[in-house]
Amino acid sequence: MLACQAKAFLTDAALASLTTTGSIMILCLGINLIWGKEIRVANMLPVVLIGLALSYVPGI
């Protein structure tokens with residue numbers, strides 16, 4: 001039900017932005033698990049909203 005309502009405002013650019021941001025966050029989680037680095041993935045959560053908002057700005 002939520003997907004049907006989100007379909008109205010999720011353009012191809014917005015979906016690509018969400019996919020890219022999510023992939024980078026999953027990559028950072030993997031780096032944390034494999035090499036024990038300290039990348040704070042929770043600090044990246046606002047980027048999901050910022051990337052989504054920027055996908056609606058024309059010319060970017």
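Residues that satisfy the side chain to side chain contact (heavy atoms under 4.5 Å, CB included) test with A13, not counting sequence neighbours, are T11, S55.
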Taking distance alone, no hydrogens or angles, what donor-acceptor pairs closer than 3.5 Å link side-chain atoms of residues 26-46 to residues at least two apart or in another chain?
unit_1 : atom_1 : unit_2 : atom_2 : d
N32    : OD1    : I39    : N      : 2.9
N32    : ND2    : I39    : O      : 2.7

Using atom types as modelled, flag every donor-acceptor pair under 3.5 Å from a side chain in residues 18-25 to any protein atom, sequence neighbours excluded.
unit_1 : atom_1 : unit_2 : atom_2 : d
T19    : OG1    : L15    : O      : 2.8
T20    : OG1    : A16    : O      : 2.8
T21    : OG1    : S17    : O      : 2.8
S23    : OG     : T19    : O      : 2.8

